[in-house]
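The structure displayed is predicted, hence computed values, not measured ones.
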Amino acid sequence: MVALVKMVAANLFRAMPPSAYPSSLPPLPDVLDDEVPVMVLLPSWPHLSLVYDVLLAAVTAADARTLRNHIDRGFLAGLVALFASEDPRERDRLKTVYHMLYSKLTAERASMRRSMAATLLRFVYEASPAGERHCGVGELLEICGSIINGFAVPLKEEHRAFLARVLLPLHRTRWVHAYHRQLAYCVLQFVHKEPSLADAVVRDILRHWPATNCQKEVLLIDELEEIVEILDQQQFDKLAVPVCSRIARCVSSCSSQVAERALYVWNNERFVAMASAAGAEAMERRILPAFVASMESNLEVHWSRCVQQVTASVRALLDRVAPGAYDRCAAALAARRSEAETEAAVRRARWRRLELAAADADAGAKK
């Protein structure tokens, strides 16, 4: 076993070649997705695959005591470093081996979680906005998702800190679309186990909402909708205003994808039921005003015919859920717009009088 571990380390542990995702590329996800290959296949994989087969067979056959006596933290840290490989075949094999080691080395589990957390934190805070991406984030999050699924309830403070300090900041990177599915699964596991965490999760996502990344907005709307489906009515009432305000702003987005995805949130029966549970009056007062303003803007000026059609269908849905509420909000919106236009006209007239008075005074001074 000693010789086998040395052989594996000698063949697998290596410095990674320069990335195929150079930082000289423009920091635009759409451009990057079109111009950069999805994966890089290592020419040395036939050799590496044999080593991984040997390692996997050894880990599978050995008992926990044997592994504990021959595999140290340095070896485990070397495996984590290999997740930076841009070959998806190697990362997939690593995921299997590392997860199996985690299940057998119970004494090293805390250290292995810290090692994965450190790798994810370096990815979040040390990578430049236009830097190279870490290809192993998705695989590390898959392992984390399986680990989180086994956490006991109530959660330890260490586990809550992992959510707040590691998982939530991962929403902020430019590469979130590459691993969002795994990240959302991890976050949802935490919310399932301890629903009180939903407040902090939702507010952190809303606080760092992207301004110009449409693809990322669509992914975050998906995640918000999944979180809302888990909440009970009391928790939803606390988050209804910030969540619905953000969805309303997305409804009037210039991007048709973002606008349509935000509108489809209202096709979610669970969301509509909780939004209308407090009654038509509360819904009209707290949720609908911002949403109605965005919908009216879509119906009047949005460039996409498809968005206008979906907006009209959602309006019909709201008329069925809360009869008359949409019309009253629309009338209030029209009144506010009319009042604002009247005030603007008064200001323009006042400035015009001041300009004329100043011109007369200037002419009198010249005479």
Side-chain angles (χ1 to χ4, degrees), residues 171 176-177 180-181 183-185 187-188 191-192 195 198 201-203 205-206 209-210 213-330 333:
H171 288 89
V176 68
H177 62 278
H180 183 264
R181 178 179 58 83
L183 175 61
Y185 177 80
V187 173
L188 287 171
V191 178
H192 270 296
V201 169
V202 170
R203 294 186 186 278
I205 292 174
L206 295 177
W209 198 268
N213 191 333
C214 299
Q215 184 183 18
K216 189 174 177 180
E217 284 191 88
V218 172
L219 294 174
L220 294 182
I221 293 173
D222 289 339
E223 186 173 356
L224 282 180
E225 185 176 2
E226 291 178 344
I227 293 173
V228 166
E229 289 180 351
I230 302 173
L231 304 180
D232 58 28
Q233 187 61 48
Q234 184 179 3
Q235 292 170 326
F236 178 81
D237 290 340
K238 294 179 181 178
L239 296 170
V241 173
V243 169
C244 293
S245 297
R246 171 53 62 185
I247 296 297
R249 285 195 288 272
C250 292
V251 164
S252 58
S253 172
C254 294
S255 168
S256 60
Q257 290 181 336
V258 175
E260 287 182 40
R261 184 63 190 86
L263 286 166
Y264 283 133
V265 171
W266 285 89
N267 285 336
N268 187 313
E269 295 180 1
R270 172 75 172 163
F271 178 85
V272 174
M274 289 195 294
S276 57
E281 182 180 350
M283 185 178 180
E284 184 177 340
R285 185 181 67 255
R286 301 177 62 207
I287 296 175
L288 284 184
F291 190 68
V292 168
S294 297
M295 290 184 65
E296 289 294 307
S297 175
N298 280 0
L299 293 171
E300 293 172 5
V301 300
H302 203 284
W303 62 271
S304 173
R305 184 178 298 275
C306 184
V307 170
Q308 291 183 342
Q309 292 172 349
V310 176
T311 302
S313 67
V314 171
R315 177 175 179 174
L317 171 65
L318 289 175
D319 286 336
R320 293 195 301 270
V321 172
Y326 186 97
D327 292 334
R328 288 191 293 272
C329 287
L333 175 65

> Return yes when atom CD of Q234 has more than 12 non-hydrogen atoms of other residues, nucleotides or ligands closer than 6.0 Å, and no otherwise.
no
> Would you say M295 and Y326 make side-chain contact, with heavy atoms under 4.5 Å?
yes
> Does any part of the side chain of C329, heavy atoms only, come nearer than 4.5 Å to the side chain of E284, both counted from C-beta?
yes
> So does V310 get a backbone contact from the side chain of E260, meaning a donor-acceptor N/O pair under 3.5 Å?
no
> Verify the neighbour count for atom CD of Q308: are there more than 12 heavy atoms of other residues, nucleotides or ligands below 6.0 Å?
yes
> Looking at L188, is its backbone amide N or carbonyl O close enough to the side chain of E226 to form a donor-acceptor pair, meaning the two atoms are under 3.5 Å apart?
no
> Going by the rule salt bridge (charged side-chain N to carboxylate O under 4.0 Å, His left out), which residues pair with D327 if we only count those two or more places apart in sequence or in a different chain?
R315
> Test E217 against R249 for salt bridge (charged side-chain N to carboxylate O under 4.0 Å, His left out), laying out the working first.
CA-CA 11 Å; E217 284 191 88; R249 285 195 288 272; over 6 Å; no
> Within the side chain of K216, is there an N or O that forms a donor-acceptor pair under 3.5 Å with the backbone of H171?
yes
> Counting N and O atoms only, with roles assigned by atom type, does the side chain of N298 sit under 3.5 Å from a partner on the main chain of V251, one being a donor and the other an acceptor?
yes
> Can you spot which of L239, D237, L231 makes a side chain to side chain contact (heavy atoms under 4.5 Å, CB included) with Q235?
L231
> Side chains of E229 and N268: any donor to acceptor distance under 3.5 Å?
yes
> Could you tell me if the side chain of V265 sits less than 4.5 Å from the side chain of L224, heavy atoms only?
no
> Would you indicate whether the side-chain heavy atoms of M283 and L318 approach each other to under 4.5 Å?
yes
> With a 3.5 Å distance limit and no angle check, can you tell me whether S276 reaches the backbone of V321 through a side-chain donor-acceptor pair?
no
> Nearest 0.5 Å, please: how far is SG in C250 from CZ in R261?
10.5 Å
> Can a donor-acceptor pair be found between the side chains of E223 and Y185 at a distance below 3.5 Å?
no
> Quick check: do L220 and P210 have side-chain heavy atoms less than 4.5 Å from each other?
yes
> So do the side chains of P242 and R203 get within less than 4.5 Å of each other, counting heavy atoms only?
yes
> Given 3.5 Å as the limit, does a donor-acceptor pair link the side chain of T311 with the main chain of V307, or not?
yes
> Under 30°, 30 to 60°, or over 60°: which ring-plane class applies to F291 and W266, parallel, tilted or perpendicular?
tilted
